[in-house]
*Asks:* 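Just passing along the structure, written as structure tokens.
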Amino acid sequence: MEESMSKSEREAFLADTHVGVISIQVERRAPVMMPVWYSYQAGGEVWFLSNEGAKKIEYIKKAGRFTLCAQQEELPYKYVTVEGPVTLIEEVDRTRYMVPLARRYLGVEKGDQYIEETEGTVEIMIRMRPERWSSADHS
């Protein structure tokens, strides 16, 4: 039986570590979808990083908004989807943002290795203010 999550449940779920999938409306084609590492704290904005020059940045700038879906792939299945306007697109300090994000998803050792392997890349932060929420908990 599908049940929507309460506000606190969906915010806690979104704040957990999940690979998110963003969806961006693109003119004259189906929405573009791609996986991202993201961050969220209850009551705040969703943000993720992308390499400068990535096509998704161009699409998001043009659309001005995107949707992010985070899901739990093992039983019990759960998901949270948020959609809203972009509030920020700017270059960020890799040490301040990329290091903690890589460690969150890969652990300290592999996260630091990832940071070393991607040295020299310019990271762009994209922030979104959630306006619409959808969720389900199949527990």
Side-chain angles (χ1 to χ4, degrees):
M1 180 172 158
E2 183 175 318
E3 294 185 26
S4 292
M5 296 179 198
S6 69
K7 180 180 179 185
S8 61
E9 289 172 330
R10 70 184 187 208
E11 287 188 332
F13 182 86
L14 192 61
D16 247 350
T17 303
H18 304 280
V19 173
V21 176
I22 61 169
S23 178
I24 311 157
Q25 186 61 49
V26 177
E27 203 172 297
R28 292 189 302 273
R29 63 185 278 195
V32 173
M33 300 174 70
M34 57 204 75
V36 295
W37 294 346
Y38 73 92
S39 185
Y40 174 77
Q41 290 184 353
E45 296 180 325
V46 172
W47 63 267
F48 69 93
L49 302 177
S50 183
N51 294 344
E52 181 181 49
K55 204 72 167 162
K56 67 183 140 213
I57 296 172
E58 176 187 328
Y59 293 152
I60 288 173
K61 282 180 178 178
K62 189 164 187 169
R65 59 191 314 110
F66 65 92
T67 301
L68 177 126
C69 179
Q71 67 182 3
Q72 178 172 296
E73 295 185 7
E74 59 278 339
L75 291 172
Y77 298 125
K78 300 177 185 184
Y79 76 86
V80 170
T81 300
V82 292
E83 181 248 327
V86 173
T87 60
L88 176 82
I89 300 176
E90 72 177 14
E91 185 177 329
V92 294
D93 181 294
R94 284 177 51 87
T95 303
R96 183 171 178 198
Y97 292 100
M98 189 63 174
V99 170
L101 197 62
R103 287 177 174 177
R104 175 182 179 185
Y105 280 91
L106 300 174
V108 174
E109 185 178 327
K110 289 187 179 182
D112 289 348
Q113 180 181 350
Y114 177 81
I115 294 300
E116 286 178 29
E117 291 172 359
T118 60
E119 187 63 38
T121 63
V122 175
E123 296 298 328
I124 305 298
M125 176 181 282
I126 297 96
R127 286 187 175 269
M128 178 259 282
R129 184 181 67 251
E131 285 182 340
R132 292 185 185 89
W133 292 74
S134 179
S135 64
D137 181 349
H138 297 279
S139 296

*Asks:* Measure the CD1-OG1 distance between Ile22 and Thr67 for me, rounded to the nearest 0.5 Å.
*Replies:*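 Ile22 CD1 to Thr67 OG1: 9.5 Å, rounded to 0.5 Å.
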*Asks:* So, the side chain of Arg104 versus the backbone of Tyr38: is there a donor-acceptor pair under 3.5 Å, distance only?
*Replies:* yes
*Asks:* Starting at CD1 of Ile115, measure out to OG1 of Thr95 and round the result to the nearest 0.5 Å.
*Replies:* 8.0 Å
*Asks:* For Tyr79 and His18, what are the C-alpha separation, side-chain angles and deciding distance, and is it a ring-ring contact (aromatic ring centres under 6.0 Å, His included)?
*Replies:* CA-CA 10 Å; Tyr79 76 86; His18 304 280; over 10 Å; no
*Asks:* Provide the closest heavy-atom pair for Ile89 versus Ile124 in the form atom of the first, atom of the second, distance.
*Replies:*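 Looks like CG2-CG2, 3.6 Å.
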*Asks:* What heavy-atom pair brings Pro130 and Gly44 nearest, and what distance separates the two atoms?
*Replies:* CD-O, 3.6 Å
*Asks:* With respect to Met5, which candidate in Ser139, Ser134, Ser135 satisfies the side chain to side chain contact (heavy atoms under 4.5 Å, CB included) definition?
*Replies:* Ser135
*Asks:* Counting heavy atoms not belonging to Glu131, are there more than 12 under 6.0 Å from its CD?
*Replies:* yes
*Asks:* Is Met33 linked to Met128 within one hydrophobic cluster, defined over Ile, Leu, Val, Met, Phe, Trp and Tyr using a side-chain heavy-atom separation of less than 4.5 Å?
*Replies:*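 Different hydrophobic clusters.
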*Asks:* Working to the nearest 0.5 angstrom, can you tell me the gap between Glu45 CD and Thr87 OG1?
*Replies:*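 Taking CD in Glu45 and OG1 in Thr87, the distance rounds to 3.5 Å.
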*Asks:* Identify the heavy atoms of Met125 and Val92 that sit nearest to each other, and give their distance.
*Replies:*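 Looking at all heavy atoms of both residues, the closest pair is CB-CG1, 3.4 Å.
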*Asks:* Go through Phe13 and Asp137 one step at a time and tell me if the side-chain contact (heavy atoms from CB on, under 4.5 Å) criterion holds.
*Replies:* CA-CA 10 Å; Phe13 182 86; Asp137 181 349; over 6 Å; no
*Asks:* Closest approach of Tyr114 and Ala102, non-hydrogen atoms and distance?
*Replies:* CD2-CB, 4.0 Å
*Asks:* State plainly whether one hydrophobic cluster holds both Tyr59 and Leu88, where clusters connect Ile, Leu, Val, Met, Phe, Trp and Tyr through side-chain heavy atoms under 4.5 angstrom apart.
*Replies:*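 Yes, because Tyr59 and Leu88 connect within a single hydrophobic cluster, where side-chain heavy atoms sit under 4.5 Å apart.
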*Asks:* Would Tyr40 end up clustered with Val21 when hydrophobic side chains under 4.5 Å apart are linked, directly or stepwise?
*Replies:*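 No; Val21 is not reachable from Tyr40 via cluster members.
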*Asks:* Quick one: CZ on Arg96 to CD on Glu123, what's the gap to the nearest 0.5 Å?
*Replies:* 15.0 Å
*Asks:* Supply the atom-to-atom distance Gln41 CD to Trp47 CH2, rounded to the nearest 0.5 angstrom.
*Replies:*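 So the gap between those two atoms works out to 9.5 Å.
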*Asks:* Do the side chains of Met34 and Leu49 join up, straight or via other hydrophobic residues, at under 4.5 Å, putting them in one cluster?
*Replies:*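 Yes, same cluster.
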*Asks:* Does a salt bridge link Lys61 with Glu58, judged by any charged N lying under 4.0 Å from a carboxylate O?
*Replies:*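 A salt bridge is absent here (no side-chain N lies under 4.0 Å from a carboxylate O).
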*Asks:* Verify the distance criterion only: is there a donor paired with an acceptor across the side chains of Gln113 and Glu117 at less than 3.5 Å?
*Replies:* yes
*Asks:* So Thr121 and Arg94, side chain to side chain donor-acceptor pair (under 3.5 Å) or not? Walk me through it.
*Replies:* CA-CA 9 Å; Thr121 63; Arg94 284 177 51 87; 2.8 Å; yes
*Asks:* Does some side-chain heavy atom of Leu14 sit less than 4.5 Å from a side-chain heavy atom of Leu68?
*Replies:* yes
*Asks:* For Arg10 and Val82, indicate whether the former's side chain and the latter's backbone hold a donor-acceptor pair under 3.5 Å.
*Replies:* no
*Asks:* Is there a path of hydrophobic side-chain contacts, each under 4.5 Å between heavy atoms, that joins Val19 and Ile24?
*Replies:* yes
*Asks:* Measure the spacing between OG of Ser39 and CZ of Arg127 and express it to the nearest 0.5 Å.
*Replies:* 8.0 Å
*Asks:* Could you walk me through whether Val36 and Lys56 pass the side-chain contact (heavy atoms from CB on, under 4.5 Å) test, one step at a time?
*Replies:* CA-CA 11 Å; Val36 295; Lys56 67 183 140 213; 4.3 Å; yes
*Asks:* Minimum heavy-atom separation for Leu106 to Gly111, with atom names?
*Replies:*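 Between these two residues, the closest heavy atoms are CB-N, 3.7 Å.
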